[in-house]
Amino acid sequence: MEQRKEDSTLKDNVAECLEMLEIRNDVESTRTTEVCGQEAQQLRETCQHLLLCPYPVEEFELPTSLRLQELPLFPQWHLPLKVMASLMVSTFLYTLLRDVVQPLVTQSRNDSYKIPILVMNKVLPWTSITLLATVYLPGVLAAILQLHRGTKYSHFPDWLGRWMSVRKQLGLLSFLLACLHAIYSLSYPMRRSYRYKMLSWAYQQVKQNKEDAWVADDVWRMEIYVSLGILGLGVLAVIAVSSLPSVSEAFNWREFQCIQRNLGYLALLLCTAHALVFGWRKWVELKHYVWYTPPSFILASLLPAVVLSVKMVLCLPCLGRRLERIRRGWERPHSQ
Ligand code: HEM
């Protein structure tokens with residue numbers, strides 16, 4: 001039993017190697033590919049032979065050129081992880097400058113306690129929503145290209161093809177950061193700094209002889225944006241679960257497209273609305289433009305708003321119908 005399990009693991013490994021080989025040959029140029037050309041073909045044939053073999057396969061039977069340990073780790077995740085890391089670093093520096101450096105320089109106030117939670121809780125949702133927008137941006141660009149060319153039978157540029165091939169990874173990273181953001185947000189009232197601030201606010205109230213601290217505008221703002229955030233996260237969770245191979249196999253192609261596309265845009269809409277309602281009127285209040293920089297929620301909502309607006313334009317009947325026809329195979333005469 002154990003032997004059979006080991007054998008199937010080894011076979012899985014060989015199958016993976018083959019897959020990696022395909023990916024590597026697809027993704028990387030032949031210059032950088034270690035195994036290429038004729039060698040790759042031979043390797044593929046040997047492995048396929050091993051996979052079909054009805055007897056247990058030992059590791060030493062594998063061709064030496066198939067170095068299991070040297071296989072690239074998570075090749076499909078390299079680009080999404082790099083994008084996520086660069087976004088996180090830039091948003092972190094931007095928020096640090098506004099929320100920590102500015103008070104220190106202008107008022108000699110040390111707000112560095114904000115870094116672990118408050119600054120992080122701007123970096124996480126900002127990166128998350130930007131990654132989510134980058135999941136749907138290539139689809140919108142591809143649609144514009146198809147409309148422009150009047151056909152679906154011409155290749156997308158390489159960079160667009162590569163971008164489209166990593167949308168699942170970008171979406172999953174966005175979901176991960178959104179979950180972290182939700183946990184960080186829910187931890188707000190547990191923080192000691194929050195309790196001290198509450199006490200100071202209460203004391204100020206008493207000093208000003210105010211009995212009621214209720215600000216209806218603020219209450220509504222918060223109720224709405226938290227609710228939109230929770231709904232957004234819920235929809236993202238459904239999309240993430242539906243992208244698991246074991247779940248997606250249960251759907252037919254149309255059902256899968258329907259979930260990934262329609263729910264995806266719904267999630268983007270809910271999350272953008274969540275960020276904008278969180279901002280409420282802050283975008284017109286000058287005091288929020290610290291050192292002439294716009295508040296982060298404005299920058300965070302910019303790309304998603306562009307993607308949603310272009311998508312809405314593409315859904316207009318005149319363009320939507322033409323796109324539908326192109327996708328069904330229709331070609332404009334003399335199209336490139
Ligand atoms: C359970 C779900 C969620 C809760 C409870 C929640 C809560 C919050 C809170 C409390 C803030 C204000 C943060 C602050 O004071 O600086 C906020 C801001 C924000 N949230 Fe969420 N959120 C949720 C889900 C999401 C999701 C799914 C996204 C998008 C991927 C998102 C994107 C944003 C953005 C972009 C901001 C503005 C951050 C800034 O630049 O200031 N949120 N959210």
Side-chain angles (χ1 to χ4, degrees), residues 80 83-84 87-100 102-103 111 113-137 167 169-191 193-194 197-198 201 218-241 263-283 285 287-290 293-308:
V83 173
M84 183 183 85
L87 281 171
M88 286 187 85
V89 171
S90 5
T91 51
F92 177 79
L93 291 177
Y94 187 84
T95 316
L96 189 76
L97 183 82
R98 281 174 48 92
D99 292 6
V100 180
Q102 195 269 349
D111 277 353
Y113 78 92
K114 288 185 178 174
I115 298 174
I117 299 232
L118 296 179
V119 170
M120 276 309 284
N121 203 27
K122 280 192 192 280
V123 171
L124 291 170
W126 188 352
T127 311
S128 167
I129 203 167
T130 309
L131 287 176
L132 191 60
T134 61
V135 173
Y136 295 96
L137 185 57
R167 283 179 296 178
Q169 285 78 0
L170 290 169
L172 287 174
L173 289 176
S174 162
F175 176 59
L176 169 73
L177 299 187
C179 290
L180 292 179
H181 159 61
I183 299 171
Y184 270 77
S185 301
L186 298 176
S187 79
Y188 274 14
M190 305 174 198
R191 288 151 48 239
S193 56
Y194 179 85
K197 281 225 155 143
M198 285 289 280
W201 285 328
D218 233 19
V219 170
W220 272 104
R221 177 181 80 96
M222 186 140 193
E223 304 289 308
I224 296 172
Y225 87 70
V226 172
S227 169
L228 286 168
I230 294 170
L231 290 175
L233 189 66
V235 178
L236 279 181
V238 174
I239 302 170
V241 170
L263 286 189
Y265 280 109
L266 176 65
L268 191 60
L269 183 68
L270 286 168
C271 295
T272 312
H274 162 73
L276 290 174
V277 176
F278 160 72
W280 207 248
R281 289 202 205 97
K282 282 189 207 160
W283 63 282
E285 291 170 4
K287 69 170 185 222
H288 294 292
Y289 288 76
V290 172
T293 56
S296 46
F297 78 90
I298 294 189
L299 298 179
S301 330
L302 220 55
L303 188 63
V306 169
V307 173
L308 288 169

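Only heavy atoms go into these numbers, but all of them, side chains included; no hydrogens, no water, no symmetry mates. All residue numbers in this chain count up from 1 along the given sequence. Order of listing sets the numbers, starting from 1, for every ligand and every atom in it.
- If you look at atom 21 (Fe) of ligand 1, the protein N, O or S atoms less than 2.8 Å from it are His181 NE2, His274 NE2.
- A heavy-atom distance below 4.5 Å is not found between the side chains of Tyr94 and Val123.
- Atom 13 (C) of ligand 1 has as its closest protein heavy atom Tyr188 OH, 3.6 Å.
- Counting all heavy atoms, side chain and backbone alike, Ala267 lies closest to Leu236 at CB-CD2, 3.9 Å.
- Remark: ligand 1 and Ser296 share an N or O pair separated by less than 3.5 Å (distance only, no angle test).
- Residue Arg98 comes nearest to Pro103 through the heavy atom pair O-CD, 3.7 Å, listed as atom of the first residue, atom of the second, then distance.
- Ligand 1 has at least one atom lying under 4.0 Å from a heavy atom of Ile230.
- For the atom pair Ile230 CD1 and Leu186 CG, the distance stands at 7.0 Å (nearest 0.5 Å).
- The nearest pair of heavy atoms linking Val277 to Leu228 is CG2-CD1, 3.9 Å.
- Judged by distance alone, the side chain of Ser174 and the main-chain N or O of Leu170 form no donor-acceptor pair under 3.5 Å.
- Each of the following atoms of ligand 1 lies closer than 4.0 Å to a heavy atom of Ser128: 30 (C).
- Between Ile115 and Met120 there is no side-chain heavy-atom pair separated by less than 4.5 Å.
- The backbone N or O of Trp283 sits less than 3.5 Å from a side-chain atom of Tyr289, completing a donor-acceptor pair.
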